[in-house]
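One structure below.
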Amino acid sequence: MREILVRPERCMGCRSCEIACAVEHSRSRDLFGALSEMPQRRLYVEHVPEYSLAVPILCRHCEDAPCVAVCPTGALTQDALTGVVRHNRDICIGCWTCASVCTYGVIGRDRRARVAIKCDRCPDLDVPACVNACPTRALIYGEVEELSEARRAASALKLARGVAASR
Amino acid sequence: MISRIPTVCPYCAVGCGFYLTRSGMEYMQDHPVNEGSLCPKGNAALDVLNHVERLRYPMMRVGGDWIRVSWGEALDRIAEEMDRALRERGPKSIAFLGSAKCTNEENYLFQKLARLMGTNSIDNSARRCHSPTIIALRRILGTPAMTNPITDLALSDCILVFGSNLAENHPVVARWILRAKDRGAAVIVADPRVTPTAWLADLHLQLNPGTDIALINGMINVILREGLESRSFIKDRTKGFEELDVSDYTPERVSSITGLSAGDIVRAARLYARARASAIVYCMGITQHSCGTDNVTACANLALVCGQIGRPGSGILPLRGQNNVQGACDMGALADFYPGWRSVDDPMAIDELRRLWNAGTLPLGRGLTADMMPDADLRFLHVMGEDIVNSDPTVSRRREKLRRGFMVVQDIFMTDTAKLADLVLPAAAWAEKEGTFTSTERRVQWISRAREPPGEARPDLWILAEVAARLGFELPSDPEEALAEINQAVPAYRGISRSNAGARGGIIWPCPHPDHPGTPVLHTERFSTPEGRARITPVHHTPLERGSPEHPMILLTGRVVLHYNSGSMTMRSEGLVKRDPESHVDVHPEDAEQLGVADGDAVVVETEWGRARARARVTPRQKRGTLFMPFHFPETNMIASELLDRKSLMPELKVAACRIWRGE
Amino acid sequence: MMAKIYLDPERCIGCRACELACEREHGHPRISVGTVSDLAAVPLYCHQCDVAPCVAICYTGSLRQDGDMVKFDSDLCTLCGLCLVACPFGAIELDSKIQRCDLCGSGTPVCVMTCPAEALVLEDLDTVTRSTRGRAAGLLAARLR
Amino acid sequence: MKIDEKVCIGCRACSAISSSISISEESDVRSITFHPHDESMTDSLIEACPAGAISSGLTAESITLIFRMKRCSVCGEPFATEREIEHVAARISQMQDFQKRWLDLCPECRRDGQRRSHAVPCIRIRGRR
């Protein structure tokens with residue numbers, strides 16, 4: 001299962017991901033067009049002043065997602081194969097139960113249609129727009145196993161460097 | 001005309017404020033404790049005030065009937081009967097029961113009357129909730145009360161809740177615990193049951209009933225072994241640490257006693273000791289045991305060893321039950337204490353009161369508690385606002401014996417206790433009179449008169465003054481005058497007046513002079529023991545050998561959110577009763593299966609003290625081998641234990657060996 | 001955006017104060033608390049849906065979308081009971097009239113005011129999700145340090 | 001007034017207005033009896049009927065219409081007439097393509113289901129402690 005992994009230690013808060021997301025979900029699919037369409041956010045770079053860190057917060061497409069469980073109309077569904085939580089705007093009644101149970105606070109409200117709006121993991125793209133746009137690779141996209149493998153390799157390298165230096 | 005009058009909730013000891021309006025109530029959003037919120041009972045408080053069954057006239061029993069009498073007749077009769085009992089049998093034959101629901105002024109004058117009549121047989125329901133706290137904390141810390149205010153919990157980094165289902169019994173306290181959790185605090189709940197309080201826990205210690213001391217000593221063992229104790233605090237602020245030997249209480253051994261994993265014991269110890277500010281919150285799961293006083297002592301030891309006391313967010317918080325139970329005890333409505341925590345065995349301390357009261361002599365030595373009254377040869381008993389028949393198992397079982405003498409009950413309803421009386425007096429309820437209530441956090445709040453009492457009902461203070469006058473004593477019938485006398489008699493209340501107690505949120509004692517702002521956190525620099533140091537006192541676990549082949553299970557008792565104590569108030573509130581109409585007994589599914597009991601079955605629960613009927617509620621949240629029954633229903637009290645904690649005379653209401661079977 | 005009632009189920013202690021308060025205010029409780037497996041409690045109430053099925057089914061205009069809220073006008077109601085059938089939450093009841101949360105008119109609803117655990121809040125959606133995101137980001141950031 | 005029994009959905013609107021229309025429920029059926037009555041009420045009844053089943057005209061005898069009740073798919077309690085459910089399903093789908101899975105449940109079980117799904121994250125964490 002492919003996931004978007006966040007590495008907040010790399011995030012510098014440039015918000016390229018937010019802009020790419022807006023462009024991808026605009027009708028015109030270009031920056032100026034997107035801005036004139038008053039885009040709505042589906043992912044959020046949160047600034048944590050206590051730690052002077054920026055942390056990208058986006059839909060985790062949780063396993064057994066709470067938002068899917070509480071949706072009374074079946075507007076939110078989870079793809080069994082990919083794990084992606086999809087939202088069908090046509091049958092959403094705007095009750096905001098999903099938004100109130102989401103532990104990440106990443107379900108927003110479409111101002112015009114008055115229904116929920118959330119990350120769809122860019123169904124038309126191979127790699128989600130936000131991941132593509134991230135200059136520091138704070139967002140990466142891949143199989144969970146691959147991602148952990150990369151993390152293991154990185155810590156092994158760090159340890160090996162330490163050992164080598166002490167020799 | 002003022003459209004809304006501030007008042008204090010008449011139910012539990014949290015001391016929530018709200019407004020009474022002409023037709024109903026309004027929330028008080030600037031009250032420091034509840035910030036406008038109220039629990040379900042608080043929301044239903046007016047049901048009691050406006051109830052049709054309120055007593056309206058003094059009534060005398062003649063044969064089997066109640067006859068309405070005038071106040072004059074009723075009061076003359078009380079004086080006459082009291083006087084006769086005194087003349088014929090002496091002061092040992094008379095007794096008084098004060099009320100944790102009446103004001104400080106009323107309790108103060110009531111105990112004064114009792115003592116002027118020559119007896120220390122004056123007690124109140126604190127005996128059955130926190131008498132071990134009174135004995136243990138007074139000895140160890142010097143002041144038998146919560147060390148920190150409730151709102152302080154929001155500042156704690158670790159909150160250890162022992163034997164308290166505060167989410168149901170003091171719901172507003174949960175607000176402050178949740179605030180602490182928002183800041184990242186760890187919450188540990190030690191309780192055999194999975195209560196709504198345990199829902200809030202990061203670590204739930206589902207220990208075996210009656211193994212609290214083992215758990216706490218086990219935690220101290222870990223703390224000392226890992227060097228997490230506060231050496232400087234132990235050295236500078238305490239004494240007796242050398243005698244504390246908990247080396248036997250290794251996590252492994254404690255694990256086998258408590259049924260907890262050794263890892264959880266270690267985790268709890270580390271969380272508590274390492275936190276910047278830790279608080280212990282406890283309630284009747286600690287006190288209502290035959291080792292209640294030792295349980296409280298163990299809690300205090302833990303706090304003292306870690307230096308977790310005397311700072312904001314760090315202290316020991318016994319949650320008390322009734323709206324004025326702290327005050328009734330401060331006022332000395334206790335068989336073992338005079339006002340201001342003067343021991344009945346300390347003639348020097350009592351001499352100050354003798355001079356203040358202009359009395360010849362005052363009685364020494366402990367008087368009778370409610371449990372002892374049925375078996376004492378009483379000729380006169382005066383009960384002010386307590387339903388002992390429904391709240392005290394011993395009295396409940398031997399209620400007929402109370403009728404040997406003359407019995408007066410003043411109350412707002414015809415309670416089961418009042419039904420035994422020879423004379424029943426209609427009292428004004430909380431919002432129909434004036435005076436001060438002291439909440440569990442030592443917060444003294446003045447309540448104003450917002451309503452007229454029904455019929456001829458009168459404030460308890462007026463009744464007491466009238467009785468006293470007929471016996472030749474002059475007691476103030478004005479609450480402010482009574483408070484002025486309390487200023488003289490109780491040092492912690494010296495500076496408390498109508499104006500500072502009447503301000504929003506009142507004032508927290510000790511308040512030594514009128515301009516003093518009150519003392520929210522106790523023991524910041526020195527303890528109030530004579531030597532100024534806290535006394536660490538070793539206590540040890542003794543196995544709770546309550547089971548027997550006939551009674552293999554353990555019955556636990558407690559409260560539920562929609563009812564209150566004896567039920568004399570909540571059972572008269574339609575909104576509460578319809579949501580929780582009958583007694584139930586919680587059973588673990590595996591026990592239920594073994595016993596052939598299904599959810600909703602009528603069952604009988606038997607202890608060596610009696611049998612009770614209830615409806616079974618099968619829930620995996622009950623610990624295996626234990627049952628739980630709420631004690632608001634008279635059935636539960638009929639089967640509760642009569643064993644006593646010898647140090648505090650607290651009955652062991654929390655646990656009893658029992659068995660259960662299906663049947664009517 | 002207008003404020004509505006939002007619930008944090010992790011805070012609810014199941015005390016039912018909201019029910020009692022609502023019953024006192026309106027004569028009939030329009031919020032109902034139930035426990036689940038004795039491990040959680042959830043109050044249930046009208047969500048004031050933005051595209052509400054009760055509004056879609058109401059043929060008299062007695063239930064109508066008004067800004068971000070569903071307003072009810074009892075004068076137009078025929079008591080047909082179809083909104084009870086349409087509501088996915090079961091949040092509408094019928095005794096002698098339609099019983100449904102009206103956010104207590106103006107100001108803070110009594111259920112929110114009385115909740116000892118602050119499990120119910122009156123906020124707009126953005127504020128609720130922003131604070132949730134802030135908490136999530138804070139937790140992640142705290143672990144990094 | 002005249003009642004078109006093919007169109008009537010068996011709701012409670014008319015009986016709430018006119019005392020000559022009575023409604024009774026027995027396990028699986030709801031019966032509505034229309035007694036002959038004061039014709040001056042007819043206009044308001046026409047207006048009140050959600051299905052357009054009432055028209056003007058004279059009726060001399062009482063008519064009783066019987067409607068099958070829908071039982072909740074969870075608890076089995078009847079909670080609305082089958083026609084009412086069809087009516088609601090049709091009306092809501094005119095607006096949107098709903099899945100309408102809740103229409104099989106009684107209001108109590110809808111509340112219960114909502115509570116259960118809300119409690120899932122809490123129970124997952126608390127059950128583990």
Where along residues 166-179 of chain B does a heavy atom come under 4.5 Å of chain C, listed by residue number? B/Ala167, B/Pro171, B/Val172, B/Ala174, B/Arg175, B/Leu178, B/Arg179
Contact residues of residues 617-629 of chain B (partner chain C; heavy-atom separation under 4.5 angstrom): B/Arg617, B/Thr619, B/Arg621
Per-residue contact mode, C/Val112 against chain B (heavy atom under 4.5 angstrom): neither
Engaged part of C/Ser37 at the chain B interface, taking heavy atoms whose separation is under 4.5 Å: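 Answer is both: backbone and side chain atoms of C/Ser37 are under 4.5 Å from chain B.
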Examine whether an atom of B/Asp47 lies under 4.5 Å from a heavy atom of chain C, and if so say whether it belongs to the side chain, the backbone or both; otherwise answer neither. neither
Sort out for me which of [options] touches chain B most, counting heavy-atom pairs under 4.5 Å.
options                    : answer
C/Ile13, C/Leu39, C/Leu139 : C/Leu39
C/Arg24, C/Arg135, C/Glu10 : C/Arg24
C/Cys115, C/Ala40, C/Cys12 : C/Ala40

I'd like to know if B/Lys578 pairs up with C/Glu23 as an ion pair, taking the criterion as any Lys NZ or Arg NE/NH1/NH2 lying under 4.0 Å from an Asp or Glu carboxylate oxygen. yes
Hey, are C/Asp38 and B/Arg193 close enough for a salt bridge, meaning a charged N less than 4.0 Å from a carboxylate O?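 Result for this pair is no, no salt bridge flagged.
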Main chain of B/Ser37, side chain of C/Thr114: is a donor-acceptor contact present, judged purely on distance under 3.5 Å? no
Taking the side chain from C/Arg16 and the backbone from B/Leu562, do they hold a donor-acceptor pair closer than 3.5 Å?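 The answer is no, because no donor-acceptor pair under 3.5 Å joins these two groups.
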Do the side chains of B/Tyr27 and C/Thr108 get nearer than 4.5 Å, heavy atoms only? no
Show the numbers, then the answer: is there a side-chain contact (heavy atoms from CB on, under 4.5 Å) between B/Lys181 and C/Arg11? CA-CA 10 Å; B/Lys181 274 175 74 90; C/Arg11 294 183 96 92; over 6 Å; no
B/Pro40 to C/Cys15 - nearest heavy-atom pair and separation: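 Minimum heavy-atom separation between B/Pro40 and C/Cys15: CG-O, 3.0 Å.
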Give me the atom names and distance for the closest heavy-atom approach of C/Leu20 to B/Ala44.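 Scanning both residues completely, I find the closest heavy atoms to be CD1-CB, 4.2 Å.
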Taking a cut-off of under 4.5 angstrom between non-hydrogen atoms, the residues of residues 81-106 of chain C near chain B are none
Strictly by side-chain hydrogen bond (donor to acceptor under 3.5 Å, both in side chains), give each pair with a member in residues 79-91 of chain C just once, sequence neighbours left out. none
